Amino acid sequence: ERNGSHFNYGAYHSLEAIYHEMDSIASDFPDLVSRVQIGCSFEHRPMYVLKFSTGGEQQRPAIWLNAGIHSREWVSQATAIWTARKIVSDYQKDPALSAILEKMDIFLLPVANPDGYVYTQTHNRMWRKTRSLNPGSLCVGTDPNRNWNASFAGQGTSANPCSEVYHGPHANSEVEVKSVVEFIQNHGNFKCFVDLHSYSQLLMYPYGYTVKKAPDAEELDEVARRAAKALASLSGTEYQVGPTCTTVYPASGSSIDWAYDNGIKYAFTFELRDTGHYGFLLPASQIVPTAEETWLGLRSIMAHVRDHLY
Amino acid sequence: REKFLGDQVFRINVRNGDEISKLSWLVNSDNFKLDVWRSPSTFGRPVDVLVPSVSLQPVRSFLASQGFEYSVTIEDLQALLDDEDEEMQHNEGQ
């Protein structure tokens with residue numbers, strides 16, 4: 001366990017335990033980290049982010065790391081909390097990370113869908129969506145990664161509340177999505193948005209809602225390939241790289257498409273490890289190796305952003 | 001908590017557009033109550049589907065009749081879930 005903490009980063013945890021560890025990290029490193037509440041979920045659970053900042057002006061250029069938006073993708077939340085501890089452990093030890101934090105702030109949201117996450121642990125391990133109620137339907141929840149205002153209700157979504165890709169009644173109808181959108185818009189100076197999912201070993205960039213090439217597609221492709229190479233350097237885990245629409249399938253209303261269309265150039269989705277045997281049920285023994293290799297990819301992206309601020 | 005007794009996860013290879021259409025019909029059909037873990041895409045990636053125990057036979061028959069290649073990646077989903085649970089409880093105890 002890192003630095004004498006009693007939190008086992010190689011295990012899956014309850015929401016309460018994750019939030020407690022976030023608080024511990026902030027308490028252990030008060031000059032670098034603070035835990036910030038950005039809103040509440042549909043079922044009134046707090047939504048906490050960790051803000052990593054070495055100070056400087058009020059709204060420095062910033063990076064948003066999003067995890068756990070689809071609640072059953074547990075290695076995403078687990079990787080995120082590991083990453084939080086990695087950042088504080090390596091600051092002032094890793095020159096690349098220190099250089100990033102000297103110029104930019106990092107915001108990390110380990111559990112973007114708290115209600116869904118709790119539901120996977122109390123009722124249904126396979127739950128993906130939020131837990132918001134749909135008037136007139138027995139089916140619960142909206143796909144929070146189809147609810148962003150980026151070609152909302154377009155291809156790759158469904159108007160059926162019972163569908164796993166139900167887009168919701170309108171863009172940002174999900175308070176979990178709205179909270180992130182409002183925070184980022186109010187901040188006004190985000191340069192990078194990375195969304196962690198599982199599973200498939202993919203590193204994708206906009207767009208999901210159209211086959212049309214994003215204006216920065218060439219640069220994003222270069223950045224992504226470099227990140228995938230860095231990731232693979234640890235254990236040989238190979239990632240496929242490309243725009244969402246042509247790498248997997250059309251998907252409208254996604255977080256990174258919204259981010260990109262709202263001025264956040266460096267927008268990427270990671271689909272984490274797929275061993276071919278477990279799907280979403282990646283064994284806990286795989287958490288740390290997955291997080292370690294993902295970190296190399298993330299750091300590569302963040303270093304590029306640091307050197308290419310706009 | 002919901003149990004997944006007897007449920008399995010199939011990884012289905014998709015070779016062309018015709019197979020994508022057929023598989024899309026299968027996964028969208030309400031009859032089999034399939035849970036798609038990795039969706040059909042136009043680009044040749046295998047599709048992962050959670051097949052409830054009651055649908056195993058009809059889904060196998062469909063895949064065989066349509067000439068699909070597939071493998072069972074998770075034979076006993078509940079066993080995996082039980083292992084995961086046990087590990088979490090053990091960690092909590094520690």
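Here the structure is a predicted model, which is why all the values come from computation and not from measurement. Any value given below was found using the heavy atoms of this structure, including those in side chains, with hydrogens, waters and symmetry copies removed.
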Query - Atom pair CG/CE of B:Leu50 and A:Met126 - distance to nearest 0.5 Å - result: 5.5 Å

Requested in this report: Please say whether more than 12 non-hydrogen atoms of neighbouring residues, nucleotides or ligands are located less than 6.0 Å from CD in B:Glu2.
Outcome: yes

Requested in this report: Decide side chain to side chain donor-acceptor pair (under 3.5 Å) for A:Tyr199 and B:Asp48; before the verdict, give the C-alpha distance in whole Å, the side-chain angles of both, and the deciding distance to 0.1 Å.
Outcome: CA-CA 11 Å; A:Tyr199 60 97; B:Asp48 289 352; 2.5 Å; yes

**Report entry** Any B:Glu87 side-chain heavy atom under 4.5 Å of A:Tyr12 side chain
**Finding:** no

Query raised in the report: Quick one: what part of A:Thr120 sits under 4.5 Å from any heavy atom of chain B, side chain, backbone, both or neither?
Result: backbone

Requested in this report: Answer with side chain, backbone, both or neither: which region of A:Thr122 has an atom nearer than 4.5 Å to a non-hydrogen atom of chain B?
Outcome: backbone

Report summary line: Value for OG (A:Ser198) from CH2 (B:Trp37), rounded to nearest 0.5 Å, stands at 9.5 Å

Query raised in the report: Roughly how far, to the nearest 0.5 Å, is CG of B:Leu80 from CZ of A:Phe280?
Result: 13.5 Å

Query raised in the report: Can B:Arg11 and A:Asp274 be counted as an ion pair, charged N to O under 4.0 angstrom?
Result: yes

Query raised in the report: Could you state the interatomic distance from CG (A:Leu281) to CG (B:Asp83), rounded to the nearest 0.5 Å?
Result: 10.0 Å

Query raised in the report: Can you find a pair of side-chain heavy atoms, one from A:His13 and one from B:Met88, that are under 4.5 Å apart?
Result: no

Query raised in the report: Checking heavy atoms, do the side chain of A:Glu271, its backbone, both or neither come under 4.5 Å from chain B?
Result: neither

Query raised in the report: What residue, out of B:Val9, B:Leu81, B:Asn28, has the most heavy-atom pairs lying under 4.5 Å from chain A?
Result: B:Leu81

Requested in this report: Tell me yes or no: between the side chains of B:Arg45 and A:Thr247, is some donor less than 3.5 Å from an acceptor?
Outcome: no

Query raised in the report: What do you reckon, is CD of B:Glu75 surrounded by more than 12 foreign heavy atoms closer than 6.0 Å?
Result: no

Query - Over 12 foreign heavy atoms within 6.0 Å of CD, B:Glu92 - result: no

**Report entry** B:Lys22, NZ atom: more than 12 neighbouring heavy atoms under 6.0 Å
**Finding:** yes

Requested in this report: Kindly indicate whether the side chain of A:Arg125, heavy atoms from C-beta on, has any atom under 4.5 Å from the side chain of B:Leu77.
Outcome: no

Report task. With the side chain counted from C-beta on, respond yes when B:Gln94 and A:His6 share a heavy-atom pair under 4.5 Å apart, and no when they do not. Result -> no

Query raised in the report: Heavy atoms, side chains only, cut-off 4.5 Å: are A:Asn124 and B:Arg1 in contact?
Result: no

Query raised in the report: Can you tell if the side chain of B:Asp35 reaches within under 4.5 Å of the side chain of A:Arg72, non-hydrogen atoms only?
Result: yes

Query raised in the report: Does A:Gln201 CD have over 12 foreign heavy atoms under 6.0 Å away?
Result: yes

Query raised in the report: So B:Arg38 and A:Val248, side chain to side chain contact (heavy atoms under 4.5 Å, CB included) or not? Walk me through it.
Result: CA-CA 9 Å; B:Arg38 287 215 306 196; A:Val248 287; over 6 Å; no

Query raised in the report: Can you tell which of A:Gln121, A:Arg128, A:Glu164 has the highest number of heavy-atom pairs within less than 4.5 Å of chain B?
Result: A:Gln121

